[in-house]
Amino acid sequence: MGISMWVLLFVQLPPLFNLPKSHLQCYGETVYCMGTDMLSRCNQADSPVDRFISVVAWNISTLRPPIFGFVPYNPILGETHHVSRANLNVLLEQISHHPPVSALHATDEKQKIQLIWCQQCVPKFNGIAVVNEVRGKRQLKLLSRGETYEMNSPNLLIRILPTPGVDWDGDVRIRCPENGLEAELHYGHKSFLGLRGSHRSVKGKILETSTKRTLFEFNGNWDRTVTMKDNTSGKLTVIYNAEEVYSGLKTPIVNDLQGVRSTESAAVWSELSEALMRHDWEKANETKNAVEEKQRELLRERESKGETWVPQHFTLTRNKDGVWDCLPIHQWVPPAPIIVPLS
């Protein structure tokens, strides 16, 4: 999730304001770009309570500090992003263009971990800010434990007045029906005038679903540290340290060029990214327009034939409220031609 939400502004911005990567890549980076493997910790803890605490810490780790004023590319329909980090294989697909909906499937066959996310963002302007409401179900499955953790995402708040800025904001709920635990997290930001609130704050609690008894409370800043208090013993523990997550990050590299799909984000946007890195704005505009026009041609061709586009890696559903959901076609994601070096 991170800076990727920027793609949901109301207008298409010129390449001058683009980051040299796709929204789909930014989305995937929240899963595979970690200095510390916090996802495996979720499965390694022995007790259900310790596993739940690890899931809360991992969930916090998926946030990235947003950058004001720059946006990733808006993914084309059918664009994919396939990356591996050690035993974790991550596959994303843009399953809808209007509205923009992205799907993620990540698996670690050794740890018996599966992630299934479906994300649609809906921007709303309230006069002083754009609130990007992030819709869609997120599941983390610890298959060997028989546990499924369901969670949502905070919203991205893009302030226009009085001082431009961007923050994660809102409430997140994590629940696991199998172990009877749930967590409530609140992400906060500075007030309208910057006089109240804490920058990039997170606070919340872990409680028993049946009794609503609070077991733990936590407080801190998601870009620094988060401390948890045991309500029984009063013991304080640091459950999250952003420095461990953000430091030592490695740039993904192509390990098998022949295995890279033509729909891979890096392939779709390679010419545009190269132009941006050279600050060749004329070439960047030309390349971006060519990619977008090609998509319009494909749409016209499908419409003329009465064809409906179908995702390659997910099945889709949409309920009466317009909320999208997806299921991966295959149980395990295969190793990717693009890898994140471990050293």
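These values consider heavy atoms only, across backbone and side chains, with no hydrogens, waters or symmetry-generated copies.
The local environment of CD in E178 is crowded, with over 12 non-hydrogen atoms from other residues, nucleotides or ligands closer than 6.0 Å. The local environment of CD in E271 is sparse, with at most 12 non-hydrogen atoms from other residues, nucleotides or ligands closer than 6.0 Å. Within 6.0 Å of CD on E243 lie no more than 12 heavy atoms contributed by other residues, nucleotides or ligands.
With hydrogens and angles left out, the side-chain atoms of Q114 and H105 include a donor and acceptor closer than 3.5 Å. No side-chain donor from either of T80 and E264 sits under 3.5 Å from a side-chain acceptor of the other.
Salt bridge absent: E217 and K203 never bring a charged side-chain N and a carboxylate O closer than 4.0 Å. Electrostatic pairing of R318 and D325 does not count as a salt bridge here, judged by no charged N lying under 4.0 Å from a carboxylate O. In summary, E208 and R213 engage in a salt bridge, as defined by a charged side-chain N under 4.0 Å from a carboxylate O. With respect to the salt-bridge test (charged N to carboxylate O, under 4.0 angstrom), the residues E182 and K212 qualify.
The distance from atom CG of L104 to atom CG of L91, rounded to the nearest 0.5 Å, is 8.0 Å. Atom CG of N132 sits about 8.5 Å away from atom CH2 of W168, to the nearest 0.5 Å. The CG atom of L215 sits 7.0 Å away from atom CG of L207, with the distance rounded to the nearest 0.5 Å. F216 contributes atom CZ, which lies 8.5 Å from atom OG1 of T237 (distance to the nearest 0.5 angstrom). Rounding to the nearest 0.5 Å gives a distance of 7.5 Å between CG of N87 and CD of Q111. To the nearest 0.5 angstrom, N74 atom CG is 10.5 Å from Q295 atom CD.
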Report task. Begin with the C-alpha distance, continue with both residues' side-chain angles, and end with the deciding distance and a verdict on side chain to side chain contact (heavy atoms under 4.5 Å, CB included) for N18 and L276. Result -> CA-CA 8 Å; N18 276 130; L276 290 179; 4.0 Å; yes

Query - side chain to side chain contact (heavy atoms under 4.5 Å, CB included) evaluation trace for S102 with E93 - result: CA-CA 6 Å; S102 306; E93 184 175 15; over 6 Å; no

Query raised in the report: Going through the distances and angles, do E133 and K124 end up as a salt bridge (Lys or Arg N to Asp or Glu O under 4.0 Å)?
Result: CA-CA 8 Å; E133 179 186 350; K124 298 178 181 179; 3.3 Å; yes

**Report entry** Step-by-step side chain to side chain contact (heavy atoms under 4.5 Å, CB included) determination, V245 to M38
**Finding:** CA-CA 8 Å; V245 175; M38 299 190 68; 3.5 Å; yes

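The stretch residues 320-343 participates, sequence neighbours left out, in no ring pair (Phe, Tyr, Trp, His ring centres under 6.0 Å) pair at all. For the salt bridge (Lys or Arg N to Asp or Glu O under 4.0 Å) condition, no pair includes a residue of residues 66-92, sequence neighbours left out. Residues in residues 276-295 take part in these ring pair (Phe, Tyr, Trp, His ring centres under 6.0 Å) pairs, two or more places apart or across chains: H279-W281. Within the structure, the ring pair (Phe, Tyr, Trp, His ring centres under 6.0 Å) test picks out no pair touching residues 284-319 (sequence neighbours left out). For the salt bridge (Lys or Arg N to Asp or Glu O under 4.0 Å) condition, the pairs that include at least one residue of residues 222-235, sequence neighbours left out, are R200-D223.
Between Y73 and W269, a ring centre-to-centre spacing shorter than 6.0 Å is recorded.
Cluster membership check: Y149 does not share its hydrophobic cluster with L143, using side-chain heavy-atom separations under 4.5 Å among Ile, Leu, Val, Met, Phe, Trp and Tyr. Follow the hydrophobic side-chain contacts under 4.5 Å out from I60 and you reach Y246 in the same cluster. A continuous path of Ile, Leu, Val, Met, Phe, Trp and Tyr side chains, each step under 4.5 Å between heavy atoms, connects V340 with L257, placing both in one hydrophobic cluster. Linking Ile, Leu, Val, Met, Phe, Trp and Tyr residues whenever their side-chain heavy atoms come within less than 4.5 Å leaves L92 and L77 in two separate clusters. Note on I239 and M34: same hydrophobic cluster, where clusters join Ile, Leu, Val, Met, Phe, Trp and Tyr whose side-chain heavy atoms are under 4.5 Å apart, directly or indirectly.
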Donor-acceptor contacts, no H, no angles, side chain residues 296-304, under 3.5 Å, sequence neighbours left out:
residue	atom	partner	partner atom	Å
R296	NE	E293	OE1	3.1
R296	NH2	E293	OE1	3.3
R300	NH2	E293	OE2	3.0
E301	OE2	K305	NZ	3.3
S304	OG	R300	O	3.4
S304	OG	E301	O	2.7

Could you list the donor-acceptor pairs under 3.5 angstrom formed by side chains in residues 45-57, with sequence neighbours left out?
residue	atom	partner	partner atom	Å
S47	OG	D50	N	3.0
S47	OG	D50	OD2	3.2
R51	NE	E147	OE1	3.1
R51	NE	E147	OE2	3.4
R51	NH1	A45	O	3.2
R51	NH1	D46	O	2.8
R51	NH2	E147	OE2	2.8
S54	OG	D50	O	3.0

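The nearest pair of heavy atoms linking C118 to V101 is SG-CG1, 3.8 Å. When all heavy atoms of S153 and V172 are compared, the closest pair comes out as C-CG2, 3.8 Å. The shortest non-hydrogen separation linking I174 to M151 is CG1-CB, 3.9 Å. Of all heavy-atom pairs spanning T287 and L272, the tightest one is CG2-N, 3.5 Å. When all heavy atoms of Y27 and R138 are compared, the closest pair comes out as CE1-NH2, 3.9 Å. Heavy-atom minimum distance, P154 versus L63: CG-CD2, 3.9 Å.
Judged by distance alone, with hydrogens and angles left aside, the side-chain atoms of N152 form a donor-acceptor pair with the main-chain N or O of R173 at under 3.5 Å. Counting only distance, with no hydrogens or angles, the side chain of D108 and the backbone of K110 share a donor-acceptor pair below 3.5 Å. Side-chain N or O atoms of T107 include none that pairs as donor or acceptor with a backbone N or O of E109 at under 3.5 Å. When atom types are taken as modelled, the side chain of Q25 and the backbone of S22 share a donor-acceptor pair closer than 3.5 angstrom. No donor-acceptor distance shorter than 3.5 angstrom exists from the side chain of T227 to the backbone of V238, with no hydrogens or angles considered. A donor-acceptor pair under 3.5 Å links the side-chain atoms of N155 to the main chain of V134, judged by distance alone. Within the 3.5 Å criterion, the main-chain N or O of L142 finds no donor-acceptor partner in the side chain of N43.
For Y32, the ring-ring contact (aromatic ring centres under 6.0 Å, His included) criterion is met by H81, not counting sequence neighbours. Residues satisfying the ring-ring contact (aromatic ring centres under 6.0 Å, His included) test with H98, not counting sequence neighbours, are none. Contacts of N89 classified as side-chain contact (heavy atoms from CB on, under 4.5 Å), with partners at least two apart in sequence or in another chain: S84, V333, P335.
With a 4.5 Å cut-off between side-chain heavy atoms of Ile, Leu, Val, Met, Phe, Trp and Tyr, the cluster of I339 takes in I253. Other residues sharing a hydrophobic cluster with L157 under the 4.5 Å side-chain heavy-atom criterion for ILVMFWY residues are V131.
Under the 4.5 Å side-chain criterion, counting only non-hydrogen atoms from C-beta, L156 is not in contact with D167.
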